[in-house]
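Comments concern the structure below.
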Amino acid sequence: MELPVVVGVDGSDTASGALDWAAGMAALRGIPLRIVHASLWERYEGCLPASAADRPAERLRGETVLATAAGRGAPALKVMTDLVTDDPVTALLRAGQSAEAVVVGWRGRGELASLLLGSVGLGVAARAHCPVVVVRGRSGSVRGGTRRVAVGIAERERAAGPGAVSPLSPAVAFALREARLRDCGLEAVHAWRCAGPDDHGPRIAYAAERAGQGARRERDTAREGQDGRAGRADHARHAAAVLAGALAGALSDAAGTPAVPVTHRTVEGSARKALLDASDRADLLVVGARRRQGHFGLQLGPVNHAVLHHARCPVVVVPRS
């Protein structure tokens with residue numbers, strides 16, 4: 001059975017942008033689009049009256065939202081609509097159980113202007129067990145103007161050992177497929193840092209400025225600087241190995257399909273900054289998220305929180321058990 005792309009709509013401008021993005025995703029994959037509008041109107045206004053004229057205003061608004069949304073889809077696209085009596089997060093999580101992906105806008109109708117990411121988008125991205133797309137960022141990137149997909153590579157996505165070829169992680173597999181469907185390049189990003197500030201280079205200048213330093217102290221400091229430079233080189237080599245290991249299965253995965261140009265980018269610094277910088281030159285940023293069995297809280301780390309709130313292009317959170 002074909003799983004649809006699910007998109008949540010509420011009549012806001014950001015939801016309309018999410019709808020257009022979801023329709024494009026469904027069209028690229030040749031699968032249906034399911035449009036969901038969720039409201040708790042029945043719990044507060046009673047059962048649905050027989051007469052359409054007597055329907056609660058919220059029900060009529062929901063029907064209008066869905067009818068308008070369905071009319072925006074491409075004629076060849078199979079579109080389904082659902083008006084659900086539930087809160088939006090619960091409704092979209094339920095719909096996501098049988099979906100290719102769930103797409104949401106970065107802020108919904110009635111969200112406070114001070115919120116960087118709406119509560120619905122955050123709640124779905126943090127709990128869903130299918131990929132979740134939060135459509136945000138510059139209009140050019142939303143429309144696919146840069147022709148690049150970026151994916152963040154975490155340490156745990158490296159292959160088991162030297163020369164080993166592990167299956168692609170869900171995030172890398174999603175990013176590779178998206179790049180192939182879009183006929184564009186893939187940029188894989190891994191950030192690394194040394195263990196501490198003393199690893200970042202020589203402290204000779206600092207030592208020389210201190211009064212009473214002897215030759216032995218200067219020699220020790222110079223040796224520490226050399227060790228620091230060697231440590232940074234080791235970190236850089238390890239980061240390159242992490243990228244190579246995480247993407248080692250890409251060649252076999254692409255057998256019989258068009259090759260995707262892949263750029264490896266290792267960045268010294270924080271993962272947050274590296275991914276936000278990558279989002280500035282990408283149409284889509286893909287990140288992985290670990291889902292722990294039996295854990296019901298928000299399952300997003302600080303880096304994913306940052307990119308969901310600040311990325312300059314749409315973000316896909318791909319869960320990993």
Side-chain angles (χ1 to χ4, degrees), residues 25 28 101 125 131-134 136-137 141 144-194 232-255 257-290 300-308 310-320:
M25 182 182 189
L28 275 177
V132 176
V133 185
V134 176
R136 58 169 302 119
S141 64
T146 68
R147 296 188 55 76
R148 179 183 289 119
V149 173
V151 58
I153 303 296
E155 179 80 24
R156 60 181 175 270
E157 289 167 308
R158 183 186 181 184
V165 178
S166 298
L168 295 175
S169 72
V172 173
F174 184 99
L176 190 66
R177 183 186 181 196
E178 191 69 22
R180 188 173 294 125
L181 288 170
R182 292 167 174 251
D183 190 24
C184 69
L186 176 66
E187 180 180 59
V189 181
H190 177 70
W192 60 273
R193 274 178 160 172
C194 291
R232 291 181 70 251
D234 288 342
H235 278 288
R237 283 192 293 269
H238 178 74
V242 168
L243 273 182
L247 297 165
L251 294 178
S252 58
D253 177 76
T257 60
V260 173
V262 180
T263 301
H264 295 204
R265 185 180 298 275
T266 59
V267 181
E268 182 180 6
S270 71
R272 176 187 186 277
K273 184 178 186 305
L275 292 178
L276 289 178
D277 287 347
S279 76
D280 204 25
R281 54 181 181 267
D283 296 326
L284 186 66
L285 174 62
V286 182
V287 294
R290 183 175 296 175
L300 288 173
V303 175
N304 284 351
H305 265 282
V307 299
L308 286 170
H310 301 288
R312 294 178 282 276
C313 71
V315 178
V316 187
V317 177
V318 182
R320 178 176 186 172

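Of all non-hydrogen atoms in Ala278 and Ala150, the two that sit nearest each other are CB-CB, 4.2 Å. Nearest heavy-atom pair across Ile153 and Ala188 is CG1-CB, 4.1 Å. The two residues Gly145 and Asp283 have their closest heavy-atom pair at N-OD1, 3.1 Å. The minimum heavy-atom distance between Val260 and Cys184, with the atom names listed, is CG1-O, 3.7 Å. Here the closest non-hydrogen pair linking Ala175 and Val151 is CB-CB, 3.7 Å. Heavy-atom minimum distance, Val303 versus Ala271: CG2-CB, 4.0 Å.
The CG atom of Leu247 sits 10.5 Å away from atom OG1 of Thr263, with the distance rounded to the nearest 0.5 Å. From His264, atom NE2 reaches atom NE2 of His190 across 12.5 Å, with rounding to the nearest 0.5 Å. The CG atom of Asp234 sits 10.5 Å away from the NE2 atom of His238 when rounded to the nearest 0.5 Å. Once rounded to the nearest 0.5 Å, the distance linking CG of Asp280 with CG of Leu285 reads 11.5 Å. Atom CG of residue Leu284 and atom CZ of residue Phe174 lie 6.5 Å apart, to the nearest 0.5 angstrom.
Side chain of Arg320 to backbone of Ala171: no donor-acceptor contact under 3.5 angstrom is found. Of the possible polar contacts, one joining the Arg136 side chain to the Leu308 backbone as a donor-acceptor pair under 3.5 Å is found. Checked by atom type and distance alone, the side chain of Ser279 never pairs as donor or acceptor with a backbone atom of Cys313 at under 3.5 Å. With Arg148 contributing its side chain and Glu187 its backbone, the two residues share no donor-acceptor pair below 3.5 Å. A donor-acceptor pair is defined here as one N or O able to donate and one able to accept, closer than 3.5 Å; no such pair exists between the side chain of Arg312 and the backbone of Ala282.
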Criterion side-chain contact (heavy atoms from CB on, under 4.5 Å) on Val149 and Arg182, from CA distance to verdict: CA-CA 9 Å; Val149 173; Arg182 292 167 174 251; 4.0 Å; yes

Full working for side-chain contact (heavy atoms from CB on, under 4.5 Å) between Leu276 and Lys273: CA-CA 5 Å; Leu276 289 178; Lys273 184 178 186 305; 5.8 Å; no

Starting from the C-alpha separation in whole Å, work towards a yes-or-no answer on side-chain contact (heavy atoms from CB on, under 4.5 Å) for Val242 and Glu155. CA-CA 6 Å; Val242 168; Glu155 179 80 24; 3.5 Å; yes

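When His235, Arg232, Arg193 are each tested for a side-chain contact (heavy atoms from CB on, under 4.5 Å) with Glu268, only one passes: Arg232. Tested against Leu275, the residues Asn304, Val307, Val267 include a single side-chain contact (heavy atoms from CB on, under 4.5 Å) partner, Val307.
Between Val317 and Val134, the closest side-chain pair of non-hydrogen atoms is not below 4.5 Å.
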